[in-house]
Structures are given as C-alpha cells and as structure tokens.
Participant: 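Please read through the structure below; I'll follow up with questions.
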Protein chains: 2
Amino acid sequence: MSTARATYRHGDLRRSLIEAGVELAREGGPDAVVLREATRRAGVSPNAAYRHFADRAELVDAVSDAAQGAAAAAIEAELDSVPAATGVESAQERLRAVGIGYLRFARDEPGLFRAAFGVPGGLERAFVSEKAGPGGSSPFALLAGTLDDLVRFGALPEERRPGAELLAWSAVHGLAMLVLEGPLHDLDEQTRTMAGRRVVEMAVRGI
Amino acid sequence: MSTARATYRHGDLRRSLIEAGVELAREGGPDAVVLREATRRAGVSPNAAYRHFADRAELVDAVSDAAQGAAAAAIEAELDSVPAATGVESAQERLRAVGIGYLRFARDEPGLFRAAFGVPGGLERAFVSEKAGPGGSSPFALLAGTLDDLVRFGALPEERRPGAELLAWSAVHGLAMLVLEGPLHDLDEQTRTMAGRRVVEMAVRGI
DNA sequence: TGCGATTGTGGACAGTGTACACATGGGAGA
DNA sequence: TCTCCCATGTGTACACTGTCCACAATCGCA
C-alpha cells in the first residue's frame with residue numbers, strides 16, 4: 001500500500017509482498033498474483049522480491065498459506081455458531097458447520113478460496129502455523145478434529161475414520177470448484193446454496 | 001503439426017489450432033494453451049488465430065470442449081465394461097462406472113482433465129455436440145442418463161432426482177481437483193485409488 | 001572503525017496477448 | 001472467362017510479464 005518510503009531498507013518487505021499478493025488474489029485468484037504488481041504496491045523494484053522468494057511460485061505459496069488462514073477463520077466462525085455440547089447430534093452438527101463454512105468462504109471470497117485450495121500443495125504442510133486461523137488451527141486441522149469427535153461420540157466407526165477427511169473434503173471442494181471455475185460457473189445463488197446443503201448432507205451420511 | 005504449407009490459405013486453421021491447443025493442454029493444462037505456440041505449430045502467424053477466435057479465452061473454450069469429448073470417451077469405456085442389464089443393481093453399477101471413469105480420466109490425462117473441467121463454463125452448453133464422445137453424449141449427459149436409470153429402476157426416489165447430478169459430480173470432481181491442483185497434490189497412487197472408490201461409494205449411497 | 005553479508009536497484013532479454021494497417025487470392029457475379 | 005470483393009493470413013508494434021546479471025546502499029558485527 002505505502003508506495004513511498006524514507007529508508008533504503010524496506011523493513012518487512014516479505015510481509016508487505018504477501019499482503020499485496022493476498023489483495024491481488026482476493027480480486028482475481030492465484031493467477032492474479034503478479035510479482036511485479038506486488039512489488040509496485042510495496043513501493044520497491046521488481047527484483048527486490050527475489051531476496052525473499054525464489055520465484056513467483058514461492059510467493060503464490062505464501063499467499064496460499066495466508067488465504068488458508070482466512071478460510072480457517074470462516075470455518076471457525078461457523079463452528080462457533082454451533083452450541084457447544086457432547087454427543088452424536090452435536091458432533092454431526094459441527095461437521096456440517098465445517099462444510100458450510102468452507103462453502104461460505106468459497107462464495108464470499110472466491111479469489112482467496114482459489115488461492116487457498118486451487119494451488120498445488122502437499123499434505124505434509126497441512127498443519128503448519130502459516131495456514132492457521134485466529135484459533136490456531138488450519139482448515140485441515142479443523143476438519144480432522146471434527147471427525148475425531150464423530151468417532152469419540154460413536155457417530156463414526158473407528159475403522160472408517162482413516163482417510164475420512166478426503167471424503168468430506170472432496171464433496172464440498174468439488175461443488176465449490178465446479179461453481180467457481182468449472183462448468184457450473186453461473187449457477188444461481190439459490191441453486192447453489194441448496195446444492196451446498198445437500199452436498200454437506202451427503203457427506204455427513206456417506207462418510 | 002505441419003509447419004510448412006504451400007497455399008496462402010491454410011485450409012482448416014480453426015481445427016488445426018484446436019488440435020494444437022489440445023496437445024498443449026495435454027502437457028500442461030489450460031494455462032499451457034498459449035495462442036502463439038498454437039499458431040506456431042499450425043505454421044501460421046500469431047494474428048491468424050484472431051480470424052477464428054475472438055481471443056485466447058475463446059480458443060481455450062474450444063479446447064475445453066474437445067477435452068470434454070475425450071472425458072466422455074473414457075466414461076463410455078468404463079460404462080461399456082458393465083454388463084448390460086436392468087434393475088437396481090445394474091443401474092447403481094453404471095453410476096459407479098461413470099464416477100470411476102471420470103476419476104480414471106483425471107489420473108490418465110490430468111492436463112486434459114483440467115482443461116475440460118477446470119475452466120469456467122455454463123450449464124446451457126452442457127449437452128452441446130462439441131463436448132460429446134464417440135457415443136454422441138457429453139460427460140454431463142452420460143451422468144444424467146445414469147441417474148435417470150436409477151429413478152426408473154426405483155433406486156432413487158423421484159423427488160431427489162432434481163439436482164442429483166450436482167451431488168455425484170461434486171464428490172468425484174472434488175477429489176480429482178484436490179489431487180491435481182490442490183493440497184492433495186502428491187497423494188500416492190494407492191491412497192488415491194482407495195479414496196476414489198470410497199468417494200464413489202459415498203455418492204452412490206448419499207445421493 | 002571498518003568490513004562483509006543482506007537487501008534493494010537498473011538494465012536487459014525472451015516471451016506473451018492483442019491492436020492496426022496491409023497483402024493475398026478464392027470464388028461469386030458480370 | 002474476367003473482375004472485383006472480402007474472408008483469411010502477414011508484419012509491425014506495444015505494453016506487460018518473469019527472471020538473469022552486475023552494481024549500490026546499508027545494517028550489524030569484529
């Protein structure tokens with residue numbers, strides 16, 4: 001944002017570049033994260049970025065982490081709306097909340113969503129702190145925790161727990177991507193939320 | 001392919017550009033469909049493309065249609081492996097085949113898959129002949145037909161039929177995208193096929 | 001105090017999409 | 001058969017991108 005600066009050194013260029021990148025991603029997804037524009041917004045020459053990121057892909061990765069943090073925040077917000085309680089009912093309700101939160105984030109912040117989950121990543125960094133929301137957990141961690149609760153309260157047989165993340169995640173992710181950058185691009189709002197509810201229900205029932 | 005030509009007129013440049021584009025997409029997905037390279041491969045100057053496509057996006061759309069045709073072929077192949085029969089069992093088996101075929105195509109042709117289903121489109125062109133496979137049906141048509149069979153044979157209550165495509169499609173599409181260009185990028189082959197089977201099962205059960 | 005590692009700059013290059021003016025020649029009408 | 005129109009392809013140019021290389025400024029440590 002600040003295009004002028006007094007000192008030769010920037011101070012915290014890495015953070016500034018990520019913030020600029022997040023703003024670009026918000027407006028146009030991961031492809032809109034253009035390195036030169038980020039440096040421009042940070043008030044710095046294009047090559048300065050290469051002191052902090054090996055190449056554009058690495059900047060996009062950092063932006064993706066931050067975007068996953070924002071997604072975690074959205075999911076946490078949805079989780080907080082579920083009355084805290086133990087038992088099968090409540091655990092299932094929390095799983096629904098995770099799914100709805102995920103889809104809500106996709107609707108409210110399509111650019112950030114695609115930057116968060118539409119960029120190649122690896123599961124080994126799924127719990128890393130850069131991807132965490134205000135509550136300290138990454139989206140994947142929130143989902144995993146909810147599934148653990150399902151097992152604890154007997155709503156999910158232990159032998160079906162391994163890999164259950166992939167099932168639930170696939171369901172909501174698929175709908176989001178079909179709508180955001182797939183053949184369901186111009187699905188109307190109403191059909192979309194209806195489909196969202198049913199997809200979540202399918203996951204809860206079919207895990 | 002043919003970098004030389006005798007006549008000033010090309011003959012069928014539009015088709016050549018699409019074919020070159022498909023080849024590029026096969027190697028690197030929709031982003032790899034670069035207009036100048038396509039014209040180069042067609043042995044023509046860059047601007048010649050603009051006589052057949054308004055811009056790059058329109059070329060990518062045409063490539064996407066062709067890629068969906070290839071996807072339809074993969075699904076048809078999987079469907080053909082199901083013994084033809086009537087009844088609930090067989091109808092469900094065909095739904096499984098559609099899902100497995102979709103995922104198999106994503107695994108075997110990741111670039112084409114992303115070009116086919118990772119590009120903004122609209123449902124109004126879902127049945128268009130450019131997206132059809134050898135059998136004459138588009139991927140969406142194949143899925144819809146299979147779901148209709150489920151209803152016909154009493155495996156799916158009529159009131160749940162509307163929008164059922166979205167559910168089944170979301171499940172498999174989500175897994176494919178998470179693996180191809182998402183946080184599950186480097187999931188090993190074994191986990192992947194296992195997840196594929198379970199996702200399909202979730203859809204069959206949870207629709 | 002001085003020196004070295006960090007961080008930022010300037011210039012350059014290859015590559016992209018696309019706009020504008022121009023060239024070519026196939027085919028319809030005379 | 002000749003002629004001209006216009007669909008199709010060419011050439012040049014521009015702004016933009018990621019990234020390489022050599023150089024400059026400064027912060028912090030010896």
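Because the structure is a prediction, the values reported are computed rather than measured. Protein chains get the first letters and strands the later ones, always in sequence-line order, with residue 1 at the start of each.
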Participant: By nearest atom, which of the nucleotides C:dT18, C:dT16, D:dG9 is closest to the B:Asp55 side chain?
Facilitator: C:dT18
Participant: Are a donor atom and an acceptor atom from the side chains of A:Thr193 and A:Arg197 found within less than 3.5 Å of each other?
Facilitator: no
Participant: Within this structure, what is the CG-to-P distance between B:Asp12 and D:dT8, rounded to whole angstrom?
Facilitator: 11 Å
Participant: Is there a donor-acceptor pair under 3.5 Å between the side chain of B:Glu76 and the backbone N or O of B:Gly135?
Facilitator: yes
Participant: For A:Arg160 and A:Ile207, indicate whether the former's side chain and the latter's backbone hold a donor-acceptor pair under 3.5 Å.
Facilitator: yes
Participant: Which nucleotide in the list D:dC23, C:dG17, D:dT10 gets nearest to the side chain of A:Arg51?
Facilitator: D:dC23
Participant: For the side chain of B:Arg56, counting heavy atoms from C-beta on, which of C:dT16, D:dG18, C:dG17 is nearest?
Facilitator: C:dG17
Participant: Between the base of C:dG15 and the side chain of B:Arg36, is there a donor and acceptor pair under 3.5 angstrom?
Facilitator: no
Participant: If you go through the side-chain atoms of A:Asn47, does one of them form a donor-acceptor pair with the base of C:dG11 closer than 3.5 Å?
Facilitator: yes
Participant: In whole angstroms, how far is the C1' atom of C:dG17 from the CZ atom of B:Phe53?
Facilitator: 15 Å
Participant: Assuming nearest nucleotide by heavy-atom distance, tell me which of A:Ala57 and B:Leu13 is located more 5' along DNA chain D.
Facilitator: B:Leu13
Participant: To the nearest Å, give me how far apart CZ (B:Arg41) and P (C:dT16) are.
Facilitator: 11 Å
Participant: Hey, is the side chain of B:His52 poking within less than 4.0 Å of OP1 or OP2 on D:dG9, counting only N and O atoms?
Facilitator: yes
Participant: Counting distance alone, no hydrogens or angles: does the base of C:dT7 have a donor or acceptor under 3.5 Å from a partner atom on the side chain of A:Arg14?
Facilitator: no
Participant: Is any NZ, NE, NH1 or NH2 atom of the basic residue among A:Arg114 and A:Asp31 found under 4.0 Å from an Asp or Glu carboxylate oxygen of the other?
Facilitator: no
